[in-house]
Structure formats: C-alpha cells, structure tokens
**Q** 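Following this message is one structure expressed as structure tokens.
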Amino acid sequence: MRLSRYFLPVLKETPSEAQIVSHRLMLRAGMIKQASAGIYSWLPLGYKVLRNIEQIVHEEQIRAGHIPMLMPTLQSADLWRESGRYDDYGQEMLRITDRHGRDMLYGPTNEELITDIFRSHVGSYKDLPLTLYHIQWKFRDEIRPRFGVMRGREFLMKDGYNFDLTKEDALHAYNRHLVSYLRTYERMGLQAIPMRADSGPIGGDDTHEFLVLAETGESEVFYDAQITDLKFGDRAIDYDDKAQCQAVLEEFTSRYARTDETHDEAEFAKVPEERRRTARGIEVGQIFYFGTKYSDAMGATVADSEGNKVPVHMGSHGIGVSRLLGAIIEASHDDNGIIWPEGVTPFHCGIVNLKQGDAEADAACDALHASLTALGLEPLYDDRNERAGGKFATMDLIGLPWRITVGPRGLKNGVVELTSRRTGESEELPPEQAIAKVAAIYGKAVA
Ligand code: ATP
Ligand code: MG
C-alpha cells in the first residue's frame, strides 16, 4: 500500500477527551472515530487490526474444534422472556420496537438465541459434544462508556457456547476454551492471566476471567507473582484429550489469582509475601460453565443413550475482540506511539523513502514494495513528499514493528536500513537481505 493512496487521518494534537494512552493513540493514529458515545467507526488502519485479531480468534477456535456461525445483532424479546432475562437485564439492554409493535433488542449476548437454535435442531446425545461460536457486534448501554473501544456501548465480541451431555463433558469444553484462549492471547503478544471471577448476570459456578495487567485496567486484581512466569508457548495439545486439557487448567489456575469480586484475604495471605501482588487488569475474556440454567428454562434437552430426555449442560465463553485493540496498545507502546506485536500489526513493515522524487530512491522503494508483496507480505510505503522527520514520526505513531529506510546515500553503498520499532535498533543491509530478514520474521520463505 502506498501511503499517498491510503486513508490515514493522523492527528497532530492529542485529543483532549481521551484519558488513557490506548484511546489517545487510536485517535491520533487515525484508527477510529467516535460516532456517538461508546460507538465508533473503524477507519482503515483500525479495521485492519480488528480483522487481524478476529482472524487469530477464528483460527484458535477452529483449532479447538469449535464451529463458526453467525447470529444476528437484533433479537426478539420473547426468547429473553423465556429465560427470564428480559426483565433482569435492566437498562444495559437497548430495547427497540419494530413497526408492528414487536419488542426487539440489540443483543448484549446470545445465550437465548443459541439455545433456541440448539433445541430446534438437536435431539440426541449422539450429536454432542457441540460448541458453536460467532464473532458479532454486541450492544450494552453502559452507563459510563469510556476509554475508547475499551468500554464501548457497541463492541465486537467472540462468544461461544458449548452443549454437552454431562457436567464432566461440559467441564472439558470449559478447559478447551481455557487452553484455546491462552494460545489466542499469546499470539497477539499478550499475557492474559486466568483469574477466578464472579459469574454476574450470566449465572454459574465455574468461571475465569482473563486479565491483561495494565495500570489503566478497570479491575483490581490479586495474584501470586509466579503466575507471570507461565507461558503456553507452541506446545502441542490434543483438544480431545481430557487429561491434557485438565492439566493445562491446573497449571494455569492453581496459583492464587483473583479479581476483587472473589478476592479472599485469608487465602491470599498463604502466598509467600514477596510473591503477593496487587495490580490492575483489563478483562479481555471470560469463560463460564453454568450447567442447565438455560436448557432448563428453555427446554433444551437431548435423548440420552437410554432414551431419557435430559437437559444439556452448557457454558458460554467470550473474548472482547474490539477491547483487545486497546489492551494490546496499553501493553505495548512508548512515548512515540504504538508498537504492534507482529501477530496483529496492520502492515508487516513500513518503507520510508528519504528523498521522494530521487529516481534511484523511488525505484529502490518500488522494488522493495513489489518484492515484499510478492512474498505475501503487506508493506506500507510512505511515498509522500514529506520531510524524513515527519515520515518517521508517522511510522512510529502507527507502530509498524519493522521499518526499511531508503535514501540516496545508503543506496550508493548498496544498503538500506532495517529498524526495529520495539528496540529502535537499526542495521544496514543490502535490500535483498532486508527483505529476507523481514520475510523470516513473518515465517515467509524467500524463493
Ligand atoms: P465488564 O465486566 O468489563 O463490563 P463483562 O464481564 O460484563 O465485562 P462479558 O459478558 O464477560 O463482559 O463479555 C465478554 C468480554 O467482552 C469481556 O471479557 C470483555 O473483554 C468484552 N466486553 C464486555 N463489555 C464490553 C464493553 N462495554 N466494551 C468492550 N468490550 C467489552
Ligand atoms: Mg466478564
């Protein structure tokens, strides 16, 4: 992509309405524009990162054996009356009446809709286990939308629902989600710690929230410092293997880690003092097992092997897809701007031409752009007629992890400069080697 043809409305001024760094940087980098309180347009750069995050979520859910689908944003109030939540949900629910006077709502979550789909089509234990999920916009009329996409009113969520014959099977589904979430967040360059949480209006006994530690987080958290040493990494996992998934759950949840809702001073005191930490965290996901709460209320049963109708055991599992952009930026930025982890970056690398209009520099940039593109990478080439300082500032602000700088002086010696956004370190390399290095970082083979 050539920057001269792209739409990147960066702001020079720091927007005064933004209180936290991720919100400021998303506005300054031209990623989002507020449409009304807690509702945003996703401008091209922000949309790209949003799509990348969605893609990782999809890949990891599918890897875990969960099935993608799509449910609508608007739902009928009648289903919510069946579960009893139409009244319980209160003012966070945006209620809409259609032209026929029917009560509708903009879904804040989808337990009722998915349970209705399930009961309409599934009747036998032989069809289980089943986990369906979608990535869809939600609306919650938050009393205080703030911090940009962190606490929006309209926000994108991945929500998945498992249906199982027994509690044991449903807990395996719960564990599968925990494992898949660990992988998901790590691929985004994040450490998200599963913490014991409170189930709130969704109801249920077993629930963990995933928290990214950040000073600006809205949750107060208490944990054993040892937990921050845990990494899932790229170990192999068989998602059908109950014992393997259970072992991961135990490894990642056996140390003390709780939000203020479930915090227990007496339990916390058992952690050696030097390892006790109190901090703030951003909730980027939550998993629940809630048994037969919805299947009882809505009559979602299956015939077991003896032909008896039994209610299915369910759970629901959410990832805050749009909130993740804010969380990643909170965890990864410096004074000059965003530093995208390679896994979610909107462009793989930037190309800065120090002397636009210089025939040799222009040709070298075009060649780099073409070679990187041919390798399946997406470079962003700043081909504007601007001073080098301005170009560097834009690249730093939008946070591409790698930058190739091209100028007449370097080209005389046959080199360009490859710079890491994270470390600021540069090295001079012949263009082919710079390409090979960037390709290797993103796991692309150079022919
Ligand atoms: P919170 O406690 O932050 O209000 P929640 O616990 O009510 O969130 P869940 O129902 O668990 O939210 O939703 C799943 C995920 O969706 C959350 O972990 C969070 O990452 C994200 N999410 C929830 N509410 C919002 C919001 N208003 N804006 C952006 N993301 C949100
Ligand atoms: Mg939650």
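Counting starts at 1 for both ligands and their atoms, following the listed order.
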**Q** Does R151 pair with E142 as a salt bridge, N-O distance under 4.0 Å?
**A** yes
**Q** Identify whether the distance between the nearest side-chain nitrogen and carboxylate oxygen of D169 and K242 falls below 4.0 Å.
**A** yes
**Q** Less than 4.5 Å apart, side chain to side chain, heavy atoms only: is that true for Y289 and K167?
**A** yes
**Q** Consider ligand 1: state whether an atom of it lies below 4.0 angstrom from any non-hydrogen atom of G285.
**A** yes
**Q** Heavy-atom pairs closer than 4.0 Å: do any link ligand 1 to the side chain of E142, the backbone, both, or neither?
**A** side chain
**Q** Is a salt bridge present between E60 and R187, judged by a nitrogen-to-oxygen distance below 4.0 Å?
**A** yes
**Q** Decide whether a cation-pi geometry holds between R275 and Y223; the criteria are a distance under 6.0 Å from NZ or CZ to the six-membered ring centre and an angle within 45° of the ring axis.
**A** no
**Q** Taking only Lys NZ, Arg NE, NH1 and NH2, and the carboxylate oxygens of Asp or Glu, determine whether R81 and E112 approach each other closer than 4.0 Å.
**A** no
**Q** Heavy-atom contacts with V149 under 4.0 Å: which atoms of ligand 1 show up? List them by number with element.
**A** 29 (C)
**Q** For V284, take its heavy atoms, then give the atoms of ligand 1 lying under 4.0 Å from any of them.
**A** 18 (O), 20 (O)
**Q** N/O/S atom of E209 under 2.8 Å from the Mg ion (ligand 2), yes or no?
**A** no
**Q** Check the pair E378, K48 against salt bridge (Lys or Arg N to Asp or Glu O under 4.0 Å), reporting the backbone distance first and the verdict last.
**A** CA-CA 11 Å; E378 257 189 296; K48 249 172 162 303; 2.7 Å; yes
**Q** Please say whether G318 places an N or O atom under 3.5 Å from an N or O atom belonging to ligand 1.
**A** no
**Q** So H208 and Y174, do their side chains get closer than 4.5 Å, heavy atoms only?
**A** yes
**Q** With heavy atoms only and a cut-off of under 4.0 Å, state how R140 meets ligand 1: side chain, backbone, both or neither.
**A** side chain
**Q** Please check whether R153 reaches ligand 1 - meaning an N/O of the residue sits under 3.5 Å from an N/O of the ligand, judged on distance alone.
**A** no
**Q** Quick one: which of F139, F155, F147 has a heavy atom closest to atom 24 (N) of ligand 1?
**A** F155
**Q** At the 4.0 Å heavy-atom cut-off, does D159 count as touching ligand 1?
**A** no
**Q** Considering only N, O or S atoms, which atom of E283 is nearest to the Mg ion (ligand 2)?
**A** OE2
**Q** For T109, which part has a heavy atom under 4.0 Å from ligand 1: side chain, backbone, both, or neither?
**A** neither
**Q** Under a 4.0 Å threshold between the charged nitrogen and the carboxylate oxygen, would R119 count as salt-bridged to E82?
**A** yes
**Q** Check each heavy atom of E283 against ligand 1 and say whether those closer than 4.0 Å belong to the side chain, the backbone, both or neither.
**A** both
**Q** Which residue from R144, E218, R151 reaches closest to atom 3 (O) of ligand 1 through any of its heavy atoms?
**A** R151
